[in-house]
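Structure first, then comments.
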Amino acid sequence: MHDEYEAASSWARDTLAIRAGHERTGEQEHGEPIFPTSSFVYGSAAEAARKFNGEEPGNVYSRFTNPSVRTFEHRLAALEGGERCVATSSGMSAILSTALALLSAGDEIVASRSLFGSTVSLFDKYLGKLGITTRYVELSDLAAWEAAITPATRLLFAETPSNPLSEVVDIAALADIAHRHGALLAIDNCFLTPALQRPLALGADLVIHSATKYLDGQGRAIGGAVVGRNAELEAVFGVVRTCGPCMSPFNAWIFTKGLETLELRMRAHCQNAQALAEWLAAHPAVSRVHYSGLAGHAQHALAARQQDGFGAVLGIEVVGGREAAWSVIDATRLLSITGNLGDVKSTITHPATTTHGRLSDAQKAAAGITEGLMRVAVGLEAFDDIRNDLARGLDALV
């Protein structure tokens, strides 16, 4: 490794996002290379044997050892302050790999009700088949978390801020609860990224990412990651190695390049989102804005204390239910109508019929997903253009 990387432990996050993890090859390239190869060649049968049995470090097969993927893993681990990162094929496969690695039949998860719809389906429909039970509680209610824990609880799982209502939980307090009962705490950090929140520093054991979102930042590729201690991550790596939900080298390269601008992008996202939230809160057609950057948000003080920014995802409720929400969405000309987020392009969707559409009516009600709710992920376009695009539909409701 080049001598400059020996100083990485003292670098700021902005620098780590640009420099960490890249080991130059003999070509002395300045930019990170892509290694689109399925396998690797050895000088002898003995060398192959040593690498396959782990006696000698080195690449074996790109399902679980690839230099491009390794660069992304090292860089994200450095940004999150974790000992290790394991990259996966998607954010959902990161959650699945974590569960398969650390849980067994008879174990229990305690999770927030405010989870991405696919995460709820994974826990209930598929982990349930394996004999793993999930109990759901209000995200911010620490007493409810503690009350739901049983001797079989092995994992606490939360998104903070939540999707799409921007609810927040005290990560340090929740970590204390988990550890007091011998459980692990996993935090889905894809809404804020390590640029705005570092759950491991607050006591969490695992950080989950959909790299598809802000880590990429331009909606180009699908991927996921798990970050934490080597003890747990070795087990997650075993799942990826054996079951195969691996990240492609090309996608890993895209995510690595995305990390270079992460700090700058997240600051700009937050600036646009804060201005939009304040404007929406004063609009007569809007009954409620869910954004922890607003002083009236129930966990505003907590969010300001444990985060370095409030993120870019807003929940916007309008009077008139689905018909009114759809009319606002359909009136947009700039915002992209899509279920994805984390893009430089602003996006808008109707959670009750898209991202949370597979939940039952009872599950939607428990999670606060109303028919009049829209989710806007604020991009990096000019603020006036974003505001004017939403105003077209909102003004028509007044």
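This is a predicted model, so every value here is computed, not measured.
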Worksheet item: Are a donor atom and an acceptor atom from the side chains of T349 and T354 found within less than 3.5 Å of each other?
Response: yes
Discussion item. Just verifying a value: how many Å separate L359 CG and I369 CD1, rounded to the nearest 0.5 Å?
Written reply: 7.5 Å
Worksheet entry | Backbone of A20 reached by a side-chain donor or acceptor of R75 within 3.5 Å | yes
Worksheet item: Looking at side-chain heavy atoms only, is the closest gap between K345 and Q218 below 4.5 Å?
Response: no
Worksheet entry | pair W253-P33: side-chain heavy atoms closer than 4.5 Å | no
Worksheet item: Looking at E263, R198, M266, which hits side chain to side chain contact (heavy atoms under 4.5 Å, CB included) with T193?
Response: M266
Worksheet item: Quick one: do the R19 and T15 side chains pair a donor with an acceptor below 3.5 Å?
Response: no
Worksheet item: When rounded to the nearest 0.5 angstrom, what is the spacing between CG in L335 and CE in M374?
Response: 10.0 Å
Item to complete: For D343 and T338, run side chain to side chain contact (heavy atoms under 4.5 Å, CB included): C-alpha distance rounded to whole Å, both residues' side-chain angles, the deciding distance at 0.1 Å, then the answer.
Response: CA-CA 11 Å; D343 203 307; T338 178; over 6 Å; no
Worksheet item: Under 3.5 Å, is there a donor-acceptor pair between the side chain of S166 and the main chain of S292?
Response: yes
Discussion item. I'd like to know if the side chain of T153 and the backbone of T150 have a donor-acceptor N/O pair within less than 3.5 Å.
Written reply: yes
Item to complete: Determine, using the 4.5 Å side-chain heavy-atom cutoff (strictly less than), whether L314 and V344 are members of one ILVMFWY cluster.
Response: no
Discussion item. So does I329 get a backbone contact from the side chain of T332, meaning a donor-acceptor N/O pair under 3.5 Å?
Written reply: yes
Item to complete: Answer yes or no: is there a side-chain heavy-atom contact under 4.5 Å between E32 and E260?
Response: yes
Worksheet item: Is there a donor-acceptor contact under 3.5 Å from the side chain of T347 to the main chain of N340?
Response: yes
Practice prompt. Look up atom CG in N66 and atom CZ in F250, then write down how far apart they are to the nearest 0.5 Å.
Written response: 13.0 Å
Fill in: Closest contact, heavy atoms only, I34 versus P36
O-CD, 3.1 Å
Discussion item. Between E80 and H209, is there a side-chain donor-acceptor contact under 3.5 Å, judged purely by atom types and distance?
Written reply: yes
Worksheet entry | Closest contact, heavy atoms only, Q299 versus V168 | OE1-N, 3.2 Å
Fill in: Common cluster, I222/F255, ILVMFWY with side-chain heavy-atom separation under 4.5 Å
no
Worksheet item: Between H22 and E29, do the side chains contain an N or O donor and an N or O acceptor separated by less than 3.5 Å?
Response: yes
Fill in: Residues E55, R50; criterion salt bridge (charged side-chain N to carboxylate O under 4.0 Å, His left out); working and verdict
CA-CA 5 Å; E55 180 183 342; R50 291 194 301 271; 5.3 Å; no
Worksheet item: Is R265 reaching over with its side chain to a backbone N or O of Y214, donor-acceptor style, under 3.5 angstrom?
Response: yes
Fill in: Atom of V227, atom of A77 and distance for their closest heavy-atom approach
CG1-CA, 4.0 Å
Worksheet item: So if you build clusters from Ile, Leu, Val, Met, Phe, Trp, Tyr with side-chain heavy-atom gaps below 4.5 Å, do L264 and L380 land together?
Response: no
Item to complete: Decide side chain to side chain contact (heavy atoms under 4.5 Å, CB included) for T65 and K51; before the verdict, give the C-alpha distance in whole Å, the side-chain angles of both, and the deciding distance to 0.1 Å.
Response: CA-CA 11 Å; T65 51; K51 289 183 176 176; over 6 Å; no
Response to the item:
Nearest heavy-atom approach of F72 to A225 is CE2-CB, 4.3 Å
Worksheet item: Can you tell if the side chain of N59 reaches within under 4.5 Å of the side chain of Y42, non-hydrogen atoms only?
Response: no
Fill in: S346 side chain to E381 side chain, donor-acceptor N/O pair below 3.5 angstrom
yes
Discussion item. Let's go through R13 and D308 carefully: what are the C-alpha distance in whole Å and the side-chain angles of both, what is the deciding distance for salt bridge (charged side-chain N to carboxylate O under 4.0 Å, His left out) to 0.1 Å, and is it a yes or a no?
Written reply: CA-CA 12 Å; R13 284 203 308 267; D308 293 328; 3.4 Å; yes
Worksheet item: Does the side chain of F157 reach to within under 4.5 Å of the side chain of L115, using non-hydrogen atoms?
Response: yes
Practice prompt. Kindly say whether P164 contributes a backbone atom to a donor-acceptor pair with the side chain of S162 at under 3.5 angstrom?
Written response: no
Fill in: Exam field: side chain R63 to backbone R241, donor-acceptor pair closer than 3.5 Å
yes
Worksheet item: Can you tell me how far CD1 of I177 sits from CD of E146, rounded to the nearest 0.5 angstrom?
Response: 5.0 Å
Item to complete: For E159 and F116, indicate whether the former's side chain and the latter's backbone hold a donor-acceptor pair under 3.5 Å.
Response: yes
Practice prompt. For side chain to side chain contact (heavy atoms under 4.5 Å, CB included), just list the numbers for V226 and S97, CA-CA rounded to whole Å, side-chain angles, deciding distance to a tenth of an Å, and then say yes or no.
Written response: CA-CA 9 Å; V226 188; S97 297; 5.6 Å; no
Item to complete: Could you walk me through whether R288 and T370 pass side chain to side chain contact (heavy atoms under 4.5 Å, CB included), step by step?
Response: CA-CA 12 Å; R288 188 174 182 184; T370 67; over 6 Å; no
Practice prompt. Go through the side-chain N and O atoms of N189 and Q197 and say whether any donor and acceptor fall under 3.5 Å apart.
Written response: yes
Discussion item. Whether the side chain of D107 engages the backbone of S104 through a donor-acceptor N/O pair (distance < 3.5 Å, no angle test) should be reported.
Written reply: yes
Discussion item. If you define the side chain from C-beta out and look only at heavy atoms, does anything of I95 sit under 4.5 Å from F123?
Written reply: yes
Worksheet item: Strictly by modelled atom types, are D205 and H179 linked by a side-chain donor-acceptor pair under 3.5 Å?
Response: yes
Worksheet item: Do M92 and T119 have side chains that get closer than 4.5 Å, going by heavy atoms?
Response: yes
Discussion item. Tell me whether L139 shares a hydrophobic cluster with I149, the cluster being built from Ile, Leu, Val, Met, Phe, Trp, Tyr side chains joined at under 4.5 Å.
Written reply: yes
Discussion item. With a 4.5 Å cut-off on side-chain heavy atoms, are E232 and T98 touching?
Written reply: no
Worksheet item: In Å and rounded to the nearest 0.5 Å, what is the OG to CG distance from S89 to L96?
Response: 9.0 Å
Discussion item. Please give me the minimum heavy-atom distance between F191 and P161, naming the atom from each residue.
Written reply: CD2-O, 4.0 Å
Worksheet item: When the ring planes of Y291 and F310 are compared, do they come out parallel, tilted or perpendicular, using 30° and 60° as the limits?
Response: perpendicular
Worksheet item: Which heavy atom in I386 sits nearest to a heavy atom in G379, and how many Å separate them?
Response: CD1-O, 4.1 Å
Worksheet item: Does L215 share a hydrophobic cluster with L16, counting links as ILVMFWY side-chain heavy atoms below 4.5 Å and allowing steps through other members?
Response: yes
Item to complete: Give a yes or no on this: more than 12 heavy atoms of other residues, nucleotides or ligands lie within 6.0 Å of atom CH2 of W279.
Response: yes
Item to complete: With rounding to the nearest 0.5 Å, note down the distance linking CD1 in I316 to CG in L280.
Response: 4.5 Å
Discussion item. Under 3.5 Å, is there a donor on one side chain and an acceptor on the other for E167 and H290?
Written reply: no
Worksheet item: Within a reach of under 6.0 Å around CZ of R358, are more than 12 heavy atoms found that belong to other residues, nucleotides or ligands?
Response: no
